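For reference, the structure is listed below as structure tokens.
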Amino acid sequence: MKRYMKSNYEYTKLRKNFGRQPLFQEVPAHLLDSINPNVEQQKLYILRNPVHRTIQATMPQSEHDANTKQLVMHEQGINHSEGGWPRDVHLYNEDHLARHRRRVQHEDGYVNAILSLRPQIEHCIDQNNAIDMYQTYFANMYQQAPVEKYNLQIANIFRDPFERPASCIVWTNETQSRLVASYSYQVYGPEQDSKISTICYMWDINKQTEPLYEFCPENSCWRLTCSPVTPEVLLAGLNSGTINIFDIREGRSAVSKSSVYNSHRGPISGLLYGHSRTNSEFFSGSPDGQCLWWDIRNISKPIDQLYMSVRHGHHVSPSFSNAEGVSCLEFDKGLPTKFLSGTESGLVINANRMGRSHSEILASYWYAHTGPVRAVHRSPCTLRMFITCGDWSVRIWSEEVRTAPIIVTRPYRYQVTDVAWAPLRYSCYMAVCEGGVFYYWDILRKQREPVATLQVSKHGLTRVIAHPEGESIAVSDNHGSIYILHLSENMTTPGNQDKHLVHQIYDRETRREHILDNRVKEIRLKIRGEDITCLDREASIAEEDVLKTTEEEYFKIVNDEINKMDELFTKHNILE
Amino acid sequence: MANEAEETVRKLSAHKGVVGVVVVNGEGIPIKTTLDNHVSVQYAGLLGSLVDKAKSVVRDLDPTNDLTFLRIRSKKSEVMVAPDKEFILIVVQNPVE
């Protein structure tokens, strides 16, 4: 390659000629040089066609990257076997170590430290020597049974718009039970104001604003009962002593009514279904003293009648004059031919329908309460045990023991108006009283006081009835409100041993009463025996003595009284 | 005074069940010990840091509080540590029961 020719023109000039301005002369044009194209050289070149050239119109940029120096990290453990010695002490020189140690031991700090730490550490050493603190305690103890918590809650309230006291509540016999309630002012006397409504309601327990159905008996209804087969059929025992049959499907008024002449002479105080193959027989009781049996298919007249008289003499036949008024009835399907009735005079009569004579029918009776027996119920656990309530107390009786109740509890503050057994839990019963309080008793757990109480209402409570499954209890009060109470789980289901234990209680108490009874009889016999022998010997003498002493006493008392009267008389005169 | 300290340590180690007593200073060296050297050194080193940690735990939870005593119960023995401002007193005991 030929060297690139410099396009310079070098010339020398004398120094003295510097600075002189260039003087230009005008010269005509004249050829200085002429270079002819060299054909040989031309052949060495060709025309480049096409020409590819890329151009980009950008700012010139450049890139450069740099990085810090990488730090290499490495984990390593060190085993510090011994150290902490001051610099002048060498580890391997035992003398040095010992000397250092001795020096430290002589320091004040060291001595004080040891002396002050000593008591505490001695305490702990002694502690360890004394007992084994770290053992697992109570490893061998059995787990305690959970404490039963009783819970009573008012779930729902159904109010009567007329605020009449509820006379009877029943659950219907179906899976989705409904509550039927009747209201009446239970006062004896002439027929009440017709302005007081006699409407009875059937409530759906989930809907408390208004009743499901209403039905209207002609008088106020005292007792209700539901048919076991058809839950829509209801029987009502009225104030006038008649029975009305209602069918909810038909309407508000009674489907059939019994005649006033054939029915009871007083309001109906007990109405229950009896035992029959066709489930059509029921019986009723009333304070007039008779029990009547009816057939539901035709209630124009009763099928059977019984005077409830037990305390008549031997030669007197039972009739209205000596009959005891019935205040409540009880019937259990387990004993199909027997029933219990509580009377107005406070007796409980055990009746057997299959008796041949009157005395066999009304087999036995108990003096239960002072005042009418408000409720009688047999226990679902043992049919031979029944509970009664009346006046201010609740008593549990055994059929085998005539003289006294087998279980008594303290008298209540208010009159007890109704009592009911818990349907599934054998050892429990519920009582309601005039003070508006609901008591739940469990005779196995607490004998002296109820296991749970609840002040349900301000007014007195009239009836209590438990749903057959035991969880809901319907309680009614004097102002027409019906409360549904919910019980907690442990109040509805029985414990494992409950039935057995309740049987044991029953047996034990019955035996106790028998023993007491026998003992009393023995004592009485002995006394009578002694008396007879005494009287034989000193009969006449004793009699005269007794007569004389009583005469003297009598005259003394009389004289005292006369003197007192004289004094008063004179005082009275003086005052006047 | 030093004798009293000696006496104390001797009495402590004479208690029933006590295996050994070690007194450790702030730098982690066993000043006085009734066990042999390498065991004491192990105890000193390991428990020193544990006491510091325990102390910091107690004081972190409540700054007005302070660690008074530390007891470590293991299957075979119990180690009781009493910390002080400069020293740590360690006692190893076998429960007699």
Side-chain angles (χ1 to χ4, degrees), chain A residues 73-142, chain B residues 1-19 21 23-33 37-38 40-42 44-46 48-49 68-75 77-97:
Chain A
M73 293 218 286
H74 171 69
E75 272 191 31
Q76 190 171 6
I78 301 181
N79 188 12
H80 187 158
S81 58
E82 188 167 344
W85 296 101
R87 201 168 302 163
D88 49 353
V89 175
H90 291 296
L91 198 56
Y92 303 107
N93 192 337
E94 287 209 20
D95 275 343
H96 281 190
L97 299 181
R99 217 189 314 139
H100 178 81
R101 282 205 182 102
R102 241 177 288 128
R103 205 184 320 131
V104 175
Q105 282 174 22
H106 283 276
E107 278 172 16
D108 265 342
Y110 170 81
V111 177
N112 285 338
I114 295 276
L115 292 177
S116 63
L117 293 173
R118 174 197 187 155
Q120 190 168 32
I121 213 151
E122 273 193 330
H123 167 73
C124 288
I125 293 175
D126 290 336
Q127 225 178 34
N128 272 345
N129 283 333
I131 57 170
D132 182 12
M133 278 200 305
Y134 298 98
Q135 61 177 223
T136 35
Y137 298 106
F138 311 125
N140 298 329
M141 276 187 55
Y142 296 113
Chain B
M1 285 289 266
N3 282 343
E4 284 180 30
E6 277 285 321
E7 275 295 307
T8 311
V9 173
R10 203 153 21 91
K11 280 212 195 111
L12 283 176
S13 55
H15 269 268
K16 194 161 76 151
V18 171
V19 174
V21 179
V23 182
V24 183
N25 80 340
E27 270 130 30
I29 46 176
I31 300 292
K32 180 87 179 93
T33 167
N37 193 33
H38 79 277
S40 319
V41 162
Q42 262 194 318
L46 298 166
S49 48
T68 52
F69 205 78
L70 190 62
R71 256 171 131 161
I72 304 168
R73 181 87 176 84
S74 69
K75 270 196 276 195
S77 63
E78 179 162 356
V79 181
M80 292 171 279
V81 183
D84 187 66
K85 269 204 315 293
E86 306 158 14
F87 296 91
I88 304 176
L89 175 62
I90 302 169
V91 174
V92 183
Q93 185 186 25
N94 278 335
V96 181
E97 287 77 18

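Keep in mind that what you see is a predicted model, and the values were worked out from it rather than measured. Chain A is the first sequence line, chain B the second, and so forth, proteins listed ahead of strands; every chain is numbered from 1.
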*asked:* Does any backbone or side-chain atom of B:Val41 lie under 4.5 Å from a heavy atom of chain A? Answer side chain, backbone, both or neither.
replied: side chain

_Which atom of B:Asn37 lies closest to which atom of A:Arg101, heavy atoms considered_ = OD1-NH2, 3.7 Å

_B:Asp84 side chain to A:Ala113 backbone, donor-acceptor under 3.5 Å_ = no

*State the SG-CD distance between A:Cys124 and B:Glu78, to the nearest 0.5 angstrom.*
7.5 Å

*Which of the residues A:His100, A:Arg102, A:Gln120, A:Glu107 is involved in the greatest number of heavy-atom pairs with chain B at under 4.5 angstrom?*
A:Gln120

*Hey, does A:Gln127 have a side-chain heavy atom less than 4.5 Å from the side chain of B:Arg71?*
yes

*Return the minimal non-hydrogen interatomic distance between A:Gly109 and B:Phe87, and the atom names on each side.*
C-CE1, 3.8 Å

*Can you tell me how far CD1 of A:Ile125 sits from NE2 of B:His15, rounded to the nearest 0.5 angstrom?*
5.5 Å

*If you measure from CD1 on A:Ile114 to CD on B:Glu4, what distance do you get to the nearest 0.5 Å?*
11.5 Å

*Starting at CD1 of A:Ile121, measure out to OG1 of B:Thr8 and round the result to the nearest 0.5 Å.*
12.0 Å

_Heavy-atom pairs under 4.5 Å with chain A, option from B:Lys85, B:Lys32, B:His38, B:Glu7 with the top count_ = B:Lys32

*Which region of B:Lys11, side chain (C-beta onward) or backbone (N, CA, C, O), has a non-hydrogen atom less than 4.5 Å from a non-hydrogen atom of chain A, or is it both or neither?*
side chain

*asked:* Quick check for you: to the nearest 0.5 Å, what is the distance between A:Asp126 atom CG and B:Gln93 atom CD?
replied: 8.5 Å

*List the steps and the verdict of side-chain contact (heavy atoms from CB on, under 4.5 Å) for A:Gln105 and B:Val23.*
CA-CA 10 Å; A:Gln105 282 174 22; B:Val23 182; over 6 Å; no

*So which heavy atom on A:Leu117 is nearest to which on B:Ala82, and how close?*
CD1-O, 3.4 Å

